2 protein chains.
Amino acid sequence: MIRRSERLRAMLEGLRASGLRLTPQRVAICEALAMSRNHPTAYDLYRRLRRRFPTMSLATVYKTLDALVRLGLVSALGDAGDGMVHYDGDTEPHINLVCLSCHRVQDLEGVDVRALHQRVAARSGYALQGARLVYYGLCPDCQRKVEASIAEEA
Amino acid sequence: MIRRSERLRAMLEGLRASGLRLTPQRVAICEALAMSRNHPTAYDLYRRLRRRFPTMSLATVYKTLDALVRLGLVSALGDAGDGMVHYDGDTEPHINLVCLSCHRVQDLEGVDVRALHQRVAARSGYALQGARLVYYGLCPDCQRKVEASIAEEA
DNA sequence: ATGCATGCAAACTCTTTGCAAACGC
DNA sequence: GCGTTTGCAAAGAGTTTGCATGCAT
């Protein structure tokens, strides 16, 4: 949990430092993103925040996410088979798991990719700014569902 | 080069085996994708193929790519900062490099990710179907351009 | 007080779909 | 010949933009 509040802090500080104003909407978006365990889309955040900010606009969410990504404070994971961009408040290289059935995105703990990052940096010649390490497949829950539906057909 | 013609073969065979017809358009799309070094978008392929097939439709390109992805013969890399989906004829897990300035996508040779794949499969509990291992940054060419433009300002 | 940010709606872009004509098998 | 595939155009979906109002600094 310490990690998460650090992330929030970094986001707010980053926005402020680059001359952007800390409006209630921006703070709320950062909070929601820093605290979320799954990796929400712009629309996910919008829906969640609309409760507290009935006038919150989807455009504001997009604009804020855009600023955060440009500042390197948040990374855009790309779509998860659902055609929507998922965002990740954790910019440290790590592995994401995408379920192609339920479109959920989660982190994989316990696999260190720092050595990989070093090797890529050395061999590529690129000035690396981030990474998206995504594995696709069926999550355990959806595997069970598929098995159940096959059993049903038989 | 052997690899590339094998890929083409696998794509055509895969389409045929699943009952899809080998139309000239589909063959040409597979060829262009299997042979391409960079990772083209649907529009890239469309533009390239329109020379040989003046009536080629962008919709046909999308439909064919969709079929190839569904059959697991091609993988969709997601966007490269340009908002368009890039496709990769190589479905073996490997590392892609995306340049955030010129939006080019290339493979990184010489970094083996099979051990990583094994570890992810074991720890995640997912039935893995594929991976997208993408590092973002500035390619050597664009780094030079940035340096040049900074020098110019001074 | 100044000028950036919000929020609405309209515009934009990539992608998908519907359907008549054409073609692979 | 049958049924799929093509290609056009129009629809769809996610994201971005323009602009008047409101608010952080």
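All of these numbers come straight from a predicted model, not from anything done at the bench. Throughout, protein chains are lettered first and strands after them, A, B, ... in sequence-line order, and every chain is numbered starting at 1. Below, all heavy atoms of this structure are taken into account, side chains as well, without hydrogens, waters or symmetry copies.
- Smallest separation of non-hydrogen atoms from B/V111 and A/R123: CG2-CD, 3.5 Å.
- Both B/A42 and A/Y46 sit near DNA chain C, but only A/Y46 has its closest nucleotide nearer the 5' end.
- Whole-Å rounding puts the A/M84 CE to D/dA13 P distance at 11 Å.
- Not a single donor-acceptor contact under 3.5 angstrom links the side-chain atoms of B/R21 to the base of C/dC25.
- Nucleotide C/dC4 holds its P atom 16 Å from the CG atom of A/L22, rounded to whole Å.
- Rounded to an integer number of Å, the gap from A/D44 CG to D/dT15 P is 10 Å.
- Between A/K145 and A/D141, no side-chain nitrogen of the basic residue sits less than 4.0 Å from a carboxylate oxygen of the acidic one, so the salt-bridge criterion is not met.
- Regarding B/Y43, its OH atom lies at a distance of 17 Å from the C1' atom of C/dT16, rounded to whole Å.
- Distance, A/D66 CG to D/dT17 C1': 12 Å, rounded to whole Å.
- Atom CZ in A/R70 sits about 14 Å away from atom C1' in D/dT15, given to the nearest Å.
- For the pair A/K63 NZ and D/dC23 C1', the interatomic distance rounds to 15 Å; values are reported in whole Å.
- Put simply, A/R26 has a side-chain N or O that comes within less than 4.0 Å of OP1 or OP2 on C/dT6.
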Check: Going through the distances and angles, do A/H39 and A/D107 end up as a side chain to side chain donor-acceptor pair (under 3.5 Å)?
Finding: CA-CA 9 Å; A/H39 300 294; A/D107 288 342; 2.7 Å; yes
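- Using modelled atom types and a 3.5 Å distance limit, the side chains of B/H86 and B/N96 yield no donor-acceptor pair.
- Picking from D/dG7, C/dG7, C/dT16 the nucleotide with the shortest atom distance to the side chain of A/S57 gives C/dG7.
- B/P54 comes within contact range of no nucleotide atom at all, as no heavy-atom separation falls under 4.0 Å.
- For C/dT6, one of the phosphate oxygens OP1 or OP2 lies less than 4.0 angstrom from a side-chain nitrogen or oxygen of A/T23.
- Looking at A/R3 and A/E92, no side-chain N of the basic residue comes within less than 4.0 Å of a carboxylate O on the acidic one, giving no salt bridge.
- An OP1 or OP2 oxygen of D/dA24 is reached within less than 4.0 angstrom by no side-chain nitrogen or oxygen of A/Q25.
- Per the geometry, CG belonging to B/L58 stands 10 Å off P belonging to C/dT16, to the nearest Å.
- Proximity note for A/T55 (side chain, C-beta onward) versus D/dT6, C/dC8, C/dG24: the nearest is C/dC8.
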